[in-house]
Each structure stands twice: as structure tokens, then as C-alpha cells.
Amino acid sequence: MIVTLFTLSVAALVAPAIVWRLGPKGFYVIALAPAAALVWVVANWPTDGQPLTESAEWIPRLHMTLDMRMDTLAAVLSVLILGIGALVLCYCAHYFDSMRPRVAVFGGEMLAFATAMFGLVISDNMLVLYVFWEITTVLSFLLVGFYGVRASSRRAATQALLVTTLGGLAMLGGIIALGTRTGSYLLSDLLANPPASSVYVDLAIAAILIGALSKSAIVPLHFWLPGAMAAPTPVSAYLHAAAMVKAGVYLVARLAPGFATLPVWQVLVLGLGAVTMLVGGWRSLRELDLKLILAFGTVSQLGFLMVLLGFGDASVALAGITMLVAHAMFKAALFMVVGIIDHSTGTRDLRKLARLGQKMPVLALIAAVASASMAGLPFTFGFVAKEAAFGTIWASSALPDWQARGIDLVLLTGAIITMAYTTRFLWGAFGRKVRPGPSLAVSRAHRPHPMFLFPPAVLAVAGIGTAFAAGWFGEIFEPYAKTLPTYGRKLEHLGLWHGFGLPLMFSMIAMVGGVGAFLLVRSMRDHLFVRPPVVNADRVYDWVLRTVDAASLAITRNTQRGSLPVTQGVILATAVVLPMAALFTGARSVLHPQGFDAPTQAVVALLMLAAAVGVAVLRNRLAAVIAIGLNGYGCAFLFARHGAPDLALTQALVETLTLVIFVLVLRKLPAESQARRSLGLDRVARIIIAVAVGATVVVIAVFAAAARSTRPLHEVIPDLAYTIGHGANAVNVLLVDIRAWDTLGEVSVLIVAATGVASMVFRDRRFGAAPRVADANTADDLMPSDRTTWLLGSDLRDPRHRSLVLEATTRLVFPTMVVLSVFLFYAGHNAPGGGFAGGLTMGLALVLRYLAGGRYELGEALPIEAGTILGTGLAVSAGTAVTSLFFGAPALSSAMFEVTLPVLGDVKLVTALFFDLGIYLIVVGLVLDILRSLGARLDTEGEVR
């Protein structure tokens, strides 16, 4: 399973190139990937109720292991996802007439979505399932927003993203709560030993159900699905009929064996599912767009599926999984039919279509067969599912008789409405109506290509073929149904004919009542639907967004007054009050603060204190910056004094670089701040906050030291660093091995910071390498071709700003610093240094070149765009995290290789070095970006002024 998932992922990555190279016919090629995966699923179908299982470590410390489990339910969903996915991709080959870059990317996104859905249904680990869940959310946002130039598409994509993402966050909270309570995040473990009902468990299940209901468009979160019809028809046929909307239904079906008896489950799943069936069906009768009729019909039938698969009875569940398969086939086929109509006539408005059945009889036949299954007419798989549902719910003992039969009557009402909008769909699209001839749109329509008709035809015919093989399919589905209780009744087997009885009577009522409802609605439409609905979910959604925007603006106006000192003061005051209140209101340990270990520490501490006071009283900004630097260098000395040379080295490098950045900014500020004649309240407040923050840090440190109740961690870290990370430098091993995930997150923050600084300075665009001497307009005049100068950029500077001593020093020191940075990077695993220290050293070397030669010298020193270096570093670090998975090891695991080289002798290479290389590049790119932003860019603006 993992290999199949990986293969599909690779296919999704190369799909855009294939489609771009071959044009629309390239969709046939990429359709082979899900088709091949479908063959694998069928060939490895779980038999005798024994699921297939695979496991691979990913992030075991976060309980995220790739535990894959394919049982009957997962296998059925996999067939739908992969089989219909392959057909939809074939359909795309004729849906798109011309090739554009966005179409090529669309092919990769569709295949990636199929991959994510396949991973979702076979994931046994709930946390991994959530990862795939959110991947489908992001991909659906991209697919729904395919027509990005249209405001309607952007709104629909954003709406779907907000609703499903908020539901997903609620689901994540429920998953963590259940995993914490049960001690396992595996669905199989959770269902084997479900926790007893309690407030905690009920809230966790409710949170998970919110995610499921939002994904499957259940009332009141149903409105995003009709809006998503702004997407291309292949997206609607796949995501909104067969795949994405089935994710929530799948999760309900998966959890039903363990939690269907909970009251919160029955209210949310059964209650809202029944309401959704009625609301969605009624809204479909109001629409004039064929696609929206199907969209609201999908909402209605998703509610039907929720009721069946969440009922908690084995026989009802068998009917539910049958309806799940039937719905995927007929609804995907009908969406593709609408796409063909739109493609051929240029409209989906049923008022503009007349006698299309005469023009396209094959298409009309396909639509009629698929619609018959949707309406539940005899000899279709939809009829088999509906008959099974009517009979099993009425006789079920899972609920009291009045509740079960009440739900059955609600479903009967929904079936009547389904028949009504099905008839309306067919009549509106293909009927003769009252016009003497075809409409203008139909008369100009072109006949679709036979291969354009092939995918919906396959699904429509399958809706009939599966009906005649209902008994055989029932045997395939029954292993899942048997995971639920039967309540003393024998399991009802599937069949095309069960004789005369209640189910047949309900079916007849639904068919006759549905046709009558259609005729009634058709005759009264001018009076029935004149006014808009009283409650419209779209309007409620817009009102919620406006309210949230207004509230956020109000909060911003009152908390962010435009004053940086006020904003920073609020943040720091909060950081003081909350931790201190928590410390002094809770249980307190006996504190044992320690004094200085040596007189040198006291001397350094006094110097740091004097420097801190100097920062507060000095008016000269440069002097204040130097005073701040003294504090940083004092910390570096204390680190070195306590036996932490690696921290001391890094602190000194960071402090030096920070001083340079401050100086670059101070060039554009007055040399001195305004004089203060009195000690105002604002300065008193600043002094109080500053002292309080410093005292808080000290108090927290003392409390943390006093709270230690076991062996100090620093005593075991050196041994762990050598045994686990294969290095003697404990600090570097912690960064690149033991706590590498933290480091990966931190370097990502560095990239965000670099992008933010550059965005504020450049404002419009930030790409491109630093300017070079050859690009300067006066380069030929200032630098004759027979002259050789090491610092090329210095000749382009104003002579008043040049320093012969600095240039000569740079010529000597720069190569040494570059070599030193490489040494610190390579030796950092066993000696002070590492990627961070090496990158800072290289950054300082670039700073030196810039200070000596100016902005043109920066381009000569490193003529590469800063964003390229940052992106390469992040790719190297993230790639190292993933590579170990292919060797069966957890992410970011390191391995050691020893080789003997002729000159160098024995060389030990640890794979964490490549992760460290990514950090090295990110730090260099960050420094280069800052130098370009706060240095070269400001220099350019100064010259222009």
C-alpha cells in the first residue's frame, strides 16, 4: 500500500509535464496511474474479513506512523476513488479544448487529489488520516479556484476552504482528545476497545463529527458545495460526487461500529442527515442551472448516506455502503453529462434547452440510465440500495420503533423529492417542452466525441450491471456490515427482488409521488418560488464574515493604536503578568538560587548591567547599539565560562551580525534621539516593564531549576549525542538530529522573516541578484580593461566613502573567513561550530565585502539571488527529513559512514551533515537578503534622492 501511495505521488508530480508535452490527450496517459493502482487494489482485495496491514515509521515520537490498513470499507472506497478518478481523467482529455499551463497543472492536482484520498481511506493512524484530510482540503481549494480570474471562482474556493478547514481543526482536536484518553491513535485500536460514554468522550466525538459533517456538506455547513460548482465539471464529477464529499461519510462509517449508540452521535448524524436530505432536495427544485440541480441533489443524498451509514445497524449499513457505491456512479455520470451539454451548447440553463434529446440521443440515453439509478427505479443499483434501506430501517431495533419508523418516513419524503428533481433534470435538459423546435443553443450544438461520452456511459451501464449482480456485491460488502450489531435479526442480504412488501410499496409511493410533485412544482413555479428563501446559508455565511471582519477591526482599533511602544508594551506586560500569576497561584517548590561561581562572572555582570543602563540613558543611537552589543558579548563570555564554547561562538557571531544590521538601519535615522526634559509617565512605564520582564525571566529560570525532580538532562545529553547522533558536539547533535524537527521549524521561521524584511523594503518586487559591476552604466569609464582590481565594486563608490585600510584588510580576511566558515560547518558535529555558526561566519564575510566595496561588491562576492539560496537550503533540509523514510527509518534519522581516503585518512560522514548544509545555506541566504534589503536597496534609494 505504501509503495502504491508513493507511486501515485510520483505520478502526480510528473503529470503536469506529461500533459503539457502531449496536450489534452496527455490525460489518457496520466489516467494509467490510478487505473494501475485500481488493478492492485482488486488483486489484493481483503478476503475472509482479514485486512491488509503495513506500517512504516514516520514521526514515532508524535505517534505519527504510517500505519496502513485496507479492509472491506477502505477497499470499496479505494475502488471508487481510483476507478472513477481514472474515468474522469479520460473525460478531461476532451473537456479541455486547448492546452494552457493551468490545464497541465490541473492534471497533476487531480491526480494528487486521488492520491490523497487513497491515503485517507487506507490510513489507520488518525493523525496521518488528518494529514491526508487537509491535503484534500488544500487541493480542493486549488481545483475549485481553477478559473482564478473569476470572482465567483475565488469566492467559491475560499468558502470551501474556510468551511472545511474549520471543520478539520475541530476534528483534529477530537482526534487528539480521543488519542490521549485511549492511549492509541489507531482507528483499529479505538474501535476494538471504544471508550465508554462520558462528557470528555462525547465532546471529542462531536468535534470529529463536525469535521466529517463539514466535509460532506451536511446542514448547516452544506452551502459550500453548491458554491463549488464554479469549478470545472471534471472537478464536480470527481470531488463533489465520488471523492471529497465521501470523506466525511467514510469517517462516519468507520466510527459507527464503536460510537453509533452515543446520543450526541444520533443527534448530529441521524438528525442533521435527515434534515439535509429534505433541505437539499427542496433547494434542487428551485434551481434553473442543471449543475446546481445536481449539486443540491448531492447535498440531499449525502444526508441520506449519513443516516444509513451512521445508523449503527448491520443491515442498514449494508444498504448504506450499497447506496454509497451507487451514488458515486450515477452522480459522477450525471455531472459529466452536464459538462458535455455545457461544452456542446454553451449553456446549462434548462430554460434555454429544448429537444436536446433529438439532437443527442446517445447522451440522453446515458443521462436517463444514470438518472434512473438516482431516482431508484427498478433494475438499477440505486433501486437495490433504496429498497434495502426502506426495509431494514423500518424493522431495525437499533432505535426505538417510533424513531426508526419516523426516520424511514423522512427518507421516504426525501425519495419523493429525489424523484421530482430527477424528473425535472431530465425534462429540463432533454425534454421536448412546449416549443415547436430546438432552442438556439441546441440548434448550434455540436455532437460530442464518442470518447467524450465513454466515461459517463461506463458509469451509467455499471449502475445497471451491478444491480443484476447485487447478490455477489452484497457478499463483498458484508464483511464491513458484520462489524456492526444485528440486534437479534439476521443480516438482510442484497437482492434485485425481495418480493412484495413495505420496501416495494415505499418505492412505488416515491415514484408516483415524485412525478406528481414535479408536475405540481412545474405548474406552480411562477407562484411557488417567486420569493427567495427566508433562511439562506450563503447569506448567513456572508453575515458571519462581515461580523468577524468588523470585530477584528474594532479589536485592532482598540489594541493597535499605531504606536510601536504601546503595542510592544502590551505584549511584554502580558508576558509578565500571566506566567507570574500562574507561578504564584500554584504550588511552589523550595527555591535554591545560586550566586557567582567566580569573580570574573561578577565583573562581567556589572559591565552588562552598566551597558543596560547606558542603553536607557544614551541619546546617541550608535552608542546605544554598542551598549546592547556589550550585553550580547557578555552573555557569550558567560557561556564560554560555563563550558559551552559552541553557544559562546554562536552568540558572538549573532551579536556581531546584529550590530551590523543595526548600523545599516541607523544610517537612515538621525544620529541622536530627541532630548527629554522630564521623566514622563511613558518613560516610567517603560522602565517598569523592562525591569519586570528581566525579573520574570530570572524568576522563571529559578523556578524551573527548583522544579527538577529527576536526573538533570545535561548529564545524559553527551552520551545520547554520541550514541544516537554519532557526534561529540552535543549542541549541534541536538539541533540536527535529536531535535531536528524543531530546527526545521525554526529555519522556516527564518525564511519567513527574511521574506518579511525584504517585502517591507522592496515593496513591489524582490527577485533578482544583487547588482554587479558589469551592470553599472559607468563601469567602462571607471574601470579600464587593462586594470586589475580585487574589490571591483569599490571603484564604483564615492571616494569619500572608501577606506584603504578596510579594503586591504578585506582582501586578507575574506578568504580566511570563507575557509573558516566551511571548517566550522564540517567540524561542527564533533567540535564547536555547525551549519548555523558556519553560515553566520560566511554571512559576516559577505558583510565585510559589502562594507569595503559597496553594493556592487555584494553582487561580485555572491552573484546568486538570495531567494534561490533560501529555497535551496529549505529543500535540502526538508529533503533530508524525507529521505530516511525510504530506508525504513524515521524521518530525520541519521546514519554514519566511515571511509578511508588516500590523503585524508579515515573520514567519518554523518548524514545529518546534509541537514546541516541546508541550515548553512538558509543562514547565508538570510544574511544576503538582509544586506540587499537594508544595504544595497537603501543605497540605491539614497543615490536616487
Side-chain angles (χ1 to χ4, degrees), residues 596-598 600-612 614-615 622-666 697 714 727-736 743 746-747 750 753-754 806 809-810 812-852 916 919-928 930-931 934-935:
F596 296 112
D597 296 334
T600 53
Q601 293 180 350
V603 174
V604 172
L606 289 175
L607 292 175
M608 293 174 64
L609 181 60
V615 173
L622 181 59
V625 167
I626 294 175
I628 293 175
L630 290 177
N631 274 276
Y633 290 120
C635 287
F637 176 83
L638 294 177
F639 286 146
R641 179 65 180 77
H642 278 277
D646 204 297
L647 294 179
L649 174 63
T650 304
Q651 175 67 31
L653 292 172
V654 169
E655 200 60 48
T656 304
L657 183 61
T658 304
L659 281 174
V660 172
I661 295 173
F662 269 120
V663 170
L664 292 176
V665 175
L666 290 180
V697 173
H714 67 80
N729 184 354
V731 174
N732 186 257
V733 172
L734 278 173
L735 291 175
V736 301
T743 305
E746 290 164 2
V747 295
L750 280 178
L806 182 59
T809 303
T810 302
L812 296 174
V813 175
F814 179 79
T816 306
M817 294 183 69
V818 173
V819 174
L820 179 61
S821 74
V822 175
F823 171 78
L824 290 175
F825 158 68
Y826 182 76
H829 212 58
N830 294 289
F836 196 72
L840 288 172
T841 305
M842 183 63 192
L844 288 174
L846 294 175
V847 169
L848 190 60
R849 284 284 291 266
Y850 166 73
L851 295 177
D916 220 7
I919 298 174
Y920 179 92
L921 293 175
I922 288 173
V923 174
V924 173
L926 173 65
V927 175
L928 182 62
I930 292 175
L931 288 176
L934 302 179

Quick one: closest heavy-atom pair of A648 and A636, and the distance? CB-O, 3.2 Å
NE2/H642 to CZ/F637 distance, rounded to the nearest 0.5 angstrom? 9.5 Å
Would you check if the side chain of D916 reaches a backbone N or O of G835 as a donor-acceptor pair within less than 3.5 Å? yes
Identify, with sequence neighbours excluded, every residue that meets side-chain contact (heavy atoms from CB on, under 4.5 Å) alongside L824. L649, L820, T841
Measuring only between side-chain heavy atoms, which start at C-beta, is L647 closer than 4.5 Å to V731? yes
Straight-line distance of F836 CZ to L735 CG, nearest 0.5 Å: 9.0 Å
Testing the basics here: between C635 and M608, what is the closest heavy-atom pair and its distance to 0.1 Å? SG-CE, 3.6 Å
Return the minimal non-hydrogen interatomic distance between V615 and A624, and the atom names on each side. CG2-O, 3.7 Å
Go through the steps to decide whether Y850 and L846 satisfy the test side chain to side chain contact (heavy atoms under 4.5 Å, CB included), and finish with yes or no. CA-CA 6 Å; Y850 166 73; L846 294 175; over 6 Å; no
dist L926:CG -> L657:CG (nearest 0.5 Å) comes out at 7.5 Å
Please list, chain by chain and in numerical order, all residues satisfying side-chain contact (heavy atoms from CB on, under 4.5 Å) with I626, sequence neighbours excluded. L622
dist F662:CZ -> I628:CD1 (nearest 0.5 Å) comes out at 5.0 Å
Which residue pairs pass the side-chain hydrogen bond (donor to acceptor under 3.5 Å, both in side chains) test with at least one member in residues 625-635, sequence neighbours excluded? Y633-T656
Minimum heavy-atom separation for Y920 and G839, please, with both atom names. CD1-N, 3.3 Å
Side chains of R641 and V604: closer than 4.5 Å at any heavy-atom pair? no
Nearest 0.5 Å, please: how far is CD in E655 from CG in L840? 11.5 Å
Taken to the nearest 0.5 Å, the spacing of I919 CD1 from E746 CD works out to 9.0 Å
Would you indicate whether F639, at its atom CZ, is surrounded by more than 12 heavy atoms from other residues, nucleotides or ligands within a distance under 6.0 Å? yes
Using every non-hydrogen atom in the two residues, find where L659 and G629 come nearest and quote the distance to one decimal. CD2-CA, 4.1 Å
